[in-house]
Asks: 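If you scroll down you'll find the structure; I have some questions about it.
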Amino acid sequence: MKALCWHGKNDIRCDTVPDPQIEDGRDVIIKVTSCAICGSDLHLMDGLMPAMESGDVLGHEFMGEVVEVGAGFTKFRKGDRIVVPFNINCGECRQCKLGNWSVCERSNRNAEMAAAQFGYTTAGLFGYSHMTGGYWGGQAEYVRVPMADVAPMKVPDGMDDESVLFLTDILPTGWQGAEHCEIQGGETIAVWGAGPVGFFAIQAAKLMGAERIIAIETVPERIALARKAGATDIIDFAKEDVFERIKEITNGQGADGVIDCVGMEASGGHGLSGLVTTLQEKLTSTERPIVLAEAIKAVRPCGIVSVPGVYGGPVPINMGSIVQKGLTMKSGQTHVKRYLEPLTKLIQTGKIDTTSLITHRSTNLADGPDLYKTFKEKADGCVKVVFHPN
Ligand SMILES: NC(=O)c1ccc[n+]([C@@H]2O[C@H](COP(=O)([O-])OP(=O)(O)OC[C@H]3O[C@@H](n4cnc5c(N)ncnc54)[C@H](O)[C@@H]3O)[C@@H](O)[C@H]2O)c1
Ligand SMILES: [Zn+2]
Ligand SMILES: [Zn+2]
């Protein structure tokens with residue numbers, strides 16, 4: 001089969017690789033009908049996540065049709081269309097029982113590697129390095145879905161691929177990012193990054209009752225999407241002082257909740273620190289926690305800092321600001337399974353826009369290397385790339 005494979009920094013190729021096989025009774029094989037490139041894949045492309053190996057199949061946002069099931073498997077039948085959350089869940093460990101799906105204790109085949117880095121393991125993930133289990137991903141024609149009896153969901157009749165594909169990751173990720181802000185109604189929420197995750201975080205904050213939603217972004221197409229999603233105020237981080245503008249918009253109070261939808265690869269903003277970050281971006285590949293620093297500064301005392309943006313290792317942050325302002329920080333890989341049913345209902349009732357962000361589509365995985373580059377460079381108005389490989 002054809003699949004998009006990682007071969008090193010900025011080296012993604014469309015390879016022919018062996019078709020996946022059933023390895024366990026809890027496995028299913030799906031024929032991928034839709035898959036997407038995520039901002040998290042850029043961290044792999046840019047060599048910022050360790051434990052990738054040449055030839056690893058990428059992709060953790062995918063769905064498709066079940067074509068084979070393990071012996072005795074009953075949850076799905078051949079022909080069922082399923083969406084597959086990016087975290088793999090055993091359904092039996094303490095964390096799965098608590099609904100903390102992204103930190104399943106038993107699905108990561110290389111748990112000791114993750115534990116060495118983080119203290120304890122996190123869940124196995126598709127297409128996201130050997131530290132999360134080394135599972136092949138879904139930017140491919142076929143994929144083996146292990147423990148398929150737990151996380152994946154059958155697509156309700158009448159819902160097309162593009163309306164449900166993002167349930168696998170970015171929609172619940174934006175939702176969880178907003179939920180972490182504990183919005184009761186009437187708050188001001190600031191969202192850094194109006195990429196795919198920010199687009200959904202803004203929609204979620206609005207549905208939860210935020211009164212003002214400040215989007216911080218510089219790319220015009222993404223600013224337009226932020227407005228469409230419900231942002232009431234826009235700050236162009238390349239031209240304006242983000243902290244000063246948030247202070248002004250909130251009448252000197254600061255934002256009640258702040259959401260970092262950018263993560264470790266932030267671009268440099270306005271002023272001298274922005275220049276330093278831009279140099280760092282151009283010259284080195286290291287984590288750049290500029291957004292996290294801004295968010296911690298711009299949130300009001302006793303506010304909430306929500307961090308869906310991905311970081312891989314230690315970064316310097318102002319702990320003094322967290323302690324002295326009494327901040328709460330919430331983060332994590334998304335517990336996707338928690339949100340599948342409620343978000344499906346919101347899609348069905350037309351409350352969430354799942355398609356405006358798709359700018360690039362292809363039916364040929366051979367376009368993958370070029371489309372990765374287009375997405376990374378935000379060229380050609382690119383916000384989200386979707387493949388329909390079958
Ligand atoms: N927690 C999870 O489970 C989870 C799931 C999916 C994605 N993510 C993470 O969320 C982040 C965003 O993902 P995405 O797919 O939207 O990525 P993306 O790269 O398409 O979007 C990031 C956006 O941030 C903007 N940006 C860059 N520097 C900025 C700055 N200084 N201030 C404000 N905005 C800035 C960029 O212009 C871009 O539009 C990534 O770190 C990704 O790894 C986390
Ligand atoms: Zn993702
Ligand atoms: Zn588990």
Side-chain angles (χ1 to χ4, degrees), residues 36-44 46 48-49 59-62 85-108 121-128 137 147 150-151 166 168-174 176-177 180 190-201 215-223 225-226 235-238 242 259-270 273-274 277-278 281 287-295 306-312 331-337 357 375-378 382-385:
I37 306 177
C38 177
S40 298
D41 292 324
L42 297 179
H43 309 320
L44 303 176
D46 294 335
L48 283 166
M49 298 299 275
H60 59 268
E61 298 181 353
F62 59 90
F86 75 90
N87 12 74
I88 301 168
N89 300 137
C90 78
E92 293 155 350
C93 72
R94 179 165 163 268
Q95 294 290 4
C96 280
K97 290 208 169 107
L98 288 168
N100 297 330
W101 306 101
S102 77
V103 288
C104 168
E105 296 166 339
R106 296 192 196 157
S107 57
N108 184 352
T121 189
T122 58
L125 309 179
F126 289 96
Y128 217 73
M147 299 177 172
V150 181
F166 301 136
T168 58
D169 179 355
I170 49 170
L171 166 52
T173 294
Q176 182 178 283
H180 278 165
V191 180
W192 277 254
V197 171
F199 175 67
F200 286 120
I216 299 128
E217 182 52 79
T218 194
V219 181
E221 299 81 16
R222 292 169 185 235
I223 288 175
L225 275 173
I235 301 176
D236 183 338
F237 70 84
V242 176
I259 313 178
D260 170 357
C261 298
V262 182
M264 65 171 109
E265 294 192 73
S267 301
H270 153 281
S273 70
T277 305
T278 307
E281 184 178 353
E287 298 197 32
R288 303 183 293 271
I290 180 172
V291 161
L292 191 55
E294 254 170 26
S306 164
V307 190
V310 163
Y311 294 84
S331 185
Q333 296 280 5
T334 305
H335 305 295
V336 176
K337 185 175 166 61
L357 75 166
F375 175 56
K376 177 181 163 172
E377 291 169 358
K378 302 174 189 71
C382 187
V383 179
K384 192 74 181 175
V385 178

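Position 1 is the first residue of the sequence, and the numbers go up from there. When a ligand or atom number is given, it counts from 1 through the structure's own listing order. The model shown is predicted, which means the values in this text are computed figures rather than measured ones.
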Asks: Mind checking whether P308 has a heavy atom under 4.0 Å from ligand 1?
Replies: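 It does, in that a heavy atom of P308 comes within the 4.0 Å cut-off of ligand 1.
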
Asks: Considering only non-hydrogen protein atoms, determine which one is nearest to atom 39 (O) of ligand 1 and report residue, atom name and distance to 0.1 Å.
Replies: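 Protein heavy atom with the smallest distance to atom 39 (O) of ligand 1: E217 OE1, 2.6 Å.
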
Asks: From M264 CE over to H43 NE2, what is the distance, rounded to the nearest 0.5 angstrom?
Replies: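 Answer for the CE-NE2 pair, M264 versus H43, is 4.5 Å.
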
Asks: For G332, state whether at least one heavy atom is located under 4.0 Å from any atom of ligand 1.
Replies: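 So G332 counts as touching ligand 1.
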
Asks: Just to be careful: counting only protein atoms that are N, O or S, how many fall under 2.8 Å of the Zn ion (ligand 2)?
Replies: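 Step by step: take the Zn ion (ligand 2), keep protein N, O, S below 2.8 Å, and you get 3.
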
Asks: Determine whether a donor-acceptor pair (N or O, by modelled atom type, separation under 3.5 Å) exists between the side chain of S107 and the backbone of I88.
Replies: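 Yes.
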
Asks: Could you pull out the closest heavy-atom pair between A266 and V291, with the gap in Å?
Replies: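 It is CB-CG2, 3.8 Å.
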
Asks: What atoms of ligand 1 come within less than 4.0 Å of a heavy atom belonging to F375?
Replies: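 Atoms satisfying the 4.0 Å criterion: 20 (O).
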
Asks: Return the minimal non-hydrogen interatomic distance between G195 and E217, and the atom names on each side.
Replies: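 Looking at all heavy atoms of both residues, the shortest contact is N-OE1, 3.9 Å.
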
Asks: Between R222 and A194, is there a donor-acceptor pair closer than 3.5 Å when you use the side chain of the first and the backbone of the second?
Replies: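 No, because the side chain of R222 does not come within donor-acceptor range (under 3.5 Å) of the backbone of A194.
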
Asks: Verify, without hydrogens or angle tests, whether H270 (side chain) and F237 (backbone) share a donor-acceptor contact under 3.5 angstrom.
Replies: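 Pair absent, no side-chain N/O of H270 close to backbone of F237.
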
Asks: Counting heavy atoms only, which of I170, V383, L171, V262 comes nearest to atom 41 (O) of ligand 1?
Replies: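 When every heavy atom of I170, V383, L171, V262 is considered, V262 comes closest to atom 41 (O) of ligand 1.
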
Asks: Has Y311 got any heavy atom lying under 4.0 angstrom from an atom of ligand 1?
Replies: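 Under 4.0 Å: no for Y311.
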
Asks: Looking only at non-hydrogen atoms, which of G269, A266, S267 approaches atom 31 (N) of ligand 1 most closely?
Replies: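 Closest candidate by heavy-atom distance is S267.
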
Asks: Residue-level breakdown please: for I216 versus ligand 1, do any non-hydrogen atoms fall below 4.0 Å on the side chain, on the backbone, on both, or on neither?
Replies: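 The answer is both, backbone and side chain.
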
Asks: Hey, does K378 come in under 3.5 Å of ligand 1, counting only N/O atoms on both sides?
Replies: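 In fact, backbone or side chain, K378 has no N or O that close.
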
Asks: Are any of the N/O atoms on E294, whether in the backbone or the side chain, positioned under 3.5 angstrom from an N/O atom of ligand 1?
Replies: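 No - when backbone and side-chain N and O of E294 are compared with those of ligand 1, no distance drops under 3.5 Å.
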
Asks: For ligand 1, is any non-hydrogen atom under 4.0 Å from E265's backbone (N, CA, C, O), its side chain (CB onward), both, or neither?
Replies: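 Answer for E265: neither.
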
Asks: Treating K384 as the side-chain partner and I37 as the backbone partner, does any N or O pair qualify as donor plus acceptor under 3.5 Å?
Replies: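 Checking the backbone N and O of I37 against the side chain of K384, a donor-acceptor pair under 3.5 Å is found.
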
Asks: Examine T334 against ligand 1 and note whether any of their N/O atoms are separated by less than 3.5 Å.
Replies: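 Among all N and O atoms of T334, at least one is under 3.5 Å from an N or O of ligand 1.
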
Asks: At under 4.0 Å between heavy atoms, which part of M264 makes contact with ligand 1: side chain, backbone, both or neither?
Replies: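 Neither part.
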
Asks: Which residue supplies the protein heavy atom nearest to atom 6 (C) of ligand 1, what is that atom called, and how far is it?
Replies: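 Checking every protein heavy atom, the shortest distance to atom 6 (C) of ligand 1 gives D169 OD1, 3.1 Å.
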
Asks: What atoms of ligand 1 come closer than 4.0 angstrom to any heavy atom of V219?
Replies: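 So the atoms of ligand 1 that pass are 37 (O).
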
Asks: Tell me the closest heavy-atom pair linking P172 and F166, and the distance in Å.
Replies: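 Looks like CD-O, 3.3 Å.
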
Asks: Would the distance check show the side chain of N87 and the main-chain N or O of V103 forming a donor-acceptor pair, the cut-off being under 3.5 Å?
Replies: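 Checked: no pair found.
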
Asks: In the protein, which heavy atom is nearest to atom 17 (O) of ligand 1, and how far is it?
Replies: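 Answer for atom 17 (O) of ligand 1: G39 CA, 3.5 Å.
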
Asks: What is the closest protein heavy atom to atom 30 (C) of ligand 1, and at what distance does it sit?
Replies: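 Of every protein heavy atom, V291 CG2, 3.5 Å lies nearest to atom 30 (C) of ligand 1.
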
Asks: Please check: side-chain N/O of K337 versus main-chain N/O of V150, any donor-acceptor pairing under 3.5 Å?
Replies: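 Present.
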
Asks: Could you go step by step and tell me if F200 and T173 meet the side chain to side chain contact (heavy atoms under 4.5 Å, CB included) rule?
Replies: CA-CA 8 Å; F200 286 120; T173 294; over 6 Å; no

Asks: Check each heavy atom of T173 against ligand 1 and say whether those closer than 4.0 Å belong to the side chain, the backbone, both or neither.
Replies: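 For T173, the contact with ligand 1 is made by the side chain alone.
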
Asks: Report the part of F199 in contact with ligand 1, treating N, CA, C, O as backbone and CB onward as side chain, heavy atoms under 4.0 Å; options are side chain, backbone, both, neither.
Replies: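 Near ligand 1, F199 shows nothing, with every heavy atom at 4.0 Å or more.
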
Asks: Using 0.5 Å steps for rounding, measure from the CD1 atom of I290 to the OG atom of S267.
Replies: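 Answer rounded to 0.5 Å: 8.5 Å.
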
Asks: Compare every heavy atom of F375 with every heavy atom of V383, then report the nearest pair and how far apart it is.
Replies: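 It is O-CE1, 3.1 Å.
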
Asks: Among all protein heavy atoms, pick the one closest to atom 18 (P) of ligand 1 and tell me residue, atom and distance.
Replies: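 Going by distance alone, atom 18 (P) of ligand 1 is nearest to R222 NH1, 3.8 Å.
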
Asks: Please determine if F237 has a nitrogen or oxygen closer than 3.5 Å to a nitrogen or oxygen of ligand 1.
Replies: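 So ligand 1 has no N or O lying under 3.5 Å from an N or O of F237.
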
Asks: Show the atoms of ligand 1 that are less than 4.0 angstrom away from any heavy atom in F86.
Replies: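 Atoms satisfying the 4.0 Å criterion: 3 (O).
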
Asks: Taking atom CZ of F199 and atom SG of C261, what is their separation to the nearest 0.5 Å?
Replies: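 Reported value, rounded in 0.5 Å steps: 12.5 Å.
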
Asks: Checking K97 side chain against E92 main chain: does a donor-acceptor pair fall under 3.5 Å?
Replies: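 A pair under 3.5 Å: yes.
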
Asks: With respect to I290, determine whether any N or O atom, backbone or side chain, lies less than 3.5 Å from an N or O atom of ligand 1.
Replies: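 Such a contact does not occur with ligand 1.
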
Asks: May I ask you to list the atoms of ligand 1 that are less than 4.0 angstrom from any heavy atom of C38?
Replies: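 Counting atoms of ligand 1 from 1, those under 4.0 Å from C38 are 6 (C), 7 (C).
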
Asks: Taking all non-hydrogen atoms of both residues, which atom of T121 and which atom of E105 are closest, and how far apart?
Replies: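 Smallest heavy-atom distance, with atoms named: CG2-O, 3.9 Å.
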
Asks: Please test I170 against L357 for side chain to side chain contact (heavy atoms under 4.5 Å, CB included), starting from the C-alpha separation and ending with a verdict.
Replies: CA-CA 11 Å; I170 49 170; L357 75 166; 4.0 Å; yes

Asks: Just how far is it from atom OG of S40 to atom NE2 of H60, taken to the nearest 0.5 Å?
Replies: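 Interatomic distance, S40 OG to H60 NE2, rounded to 0.5 Å: 4.5 Å.
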
Asks: Are there any protein N/O/S atoms under 2.8 Å from the Zn ion (ligand 3), and if so, which?
Replies: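 Listed by chain and number, the atoms are C90 SG, C93 SG, C96 SG, C104 SG.
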
Asks: Among all protein heavy atoms, pick the one closest to atom 12 (C) of ligand 1 and tell me residue, atom and distance.
Replies: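 So the nearest neighbour among protein heavy atoms is C261 O, 3.2 Å.
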
Asks: With rounding to the nearest 0.5 angstrom, report the OH to CG distance, Y311 to L292.
Replies: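 Reported to 0.5 Å precision, the distance equals 4.5 Å.
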
Asks: Can you tell me how far CD of Q176 sits from CD1 of I259, rounded to the nearest 0.5 angstrom?
Replies: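 Nearest 0.5 Å value for the CD1-CD distance: 11.0 Å.
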
Asks: For atom 8 (N) of ligand 1, what is the closest protein heavy atom, and at what distance to 0.1 Å?
Replies: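 The protein heavy atom lying closest is S40 OG, 3.5 Å.
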
Asks: What class does the angle between the rings of F62 and F126 fall in, given that below 30° is parallel, 30 to 60° is tilted and above 60° is perpendicular?
Replies: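 It falls in the perpendicular class, over 60°.
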
Asks: Mind checking whether P196 has an N or O less than 3.5 Å away from an N or O of ligand 1?
Replies: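 It does: an N or O of P196 is found under 3.5 Å from an N or O of ligand 1.
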
Asks: Without swapping roles, check the side chain of N89 against the backbone of A151 for a donor-acceptor pair under 3.5 Å.
Replies: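 Checked: no pair found.
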
Asks: List the closest protein heavy-atom neighbour of atom 16 (O) of ligand 1: residue, atom name, distance to the nearest 0.1 Å.
Replies: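 I find the closest protein heavy atom is V197 N, 3.0 Å.
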
Asks: Could you tell me which non-hydrogen atom of S102 sits nearest to which non-hydrogen atom of T334, and how far apart they are?
Replies: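 In this case the closest contact between S102 and T334 is CB-O, 3.5 Å.
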
Asks: Near W192, which atoms of ligand 1 are under 4.0 Å from a heavy atom of that residue?
Replies: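 Those qualifying, in numeric order: 32 (N), 33 (C).
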
Asks: What do you reckon, does V310 have a nitrogen or oxygen under 3.5 Å from a nitrogen or oxygen of ligand 1?
Replies: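 For ligand 1, there is an N or O atom that lies under 3.5 Å from one belonging to V310.
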
Asks: Show the numbers, then the answer: is there a side chain to side chain contact (heavy atoms under 4.5 Å, CB included) between Q333 and T122?
Replies: CA-CA 9 Å; Q333 296 280 5; T122 58; over 6 Å; no

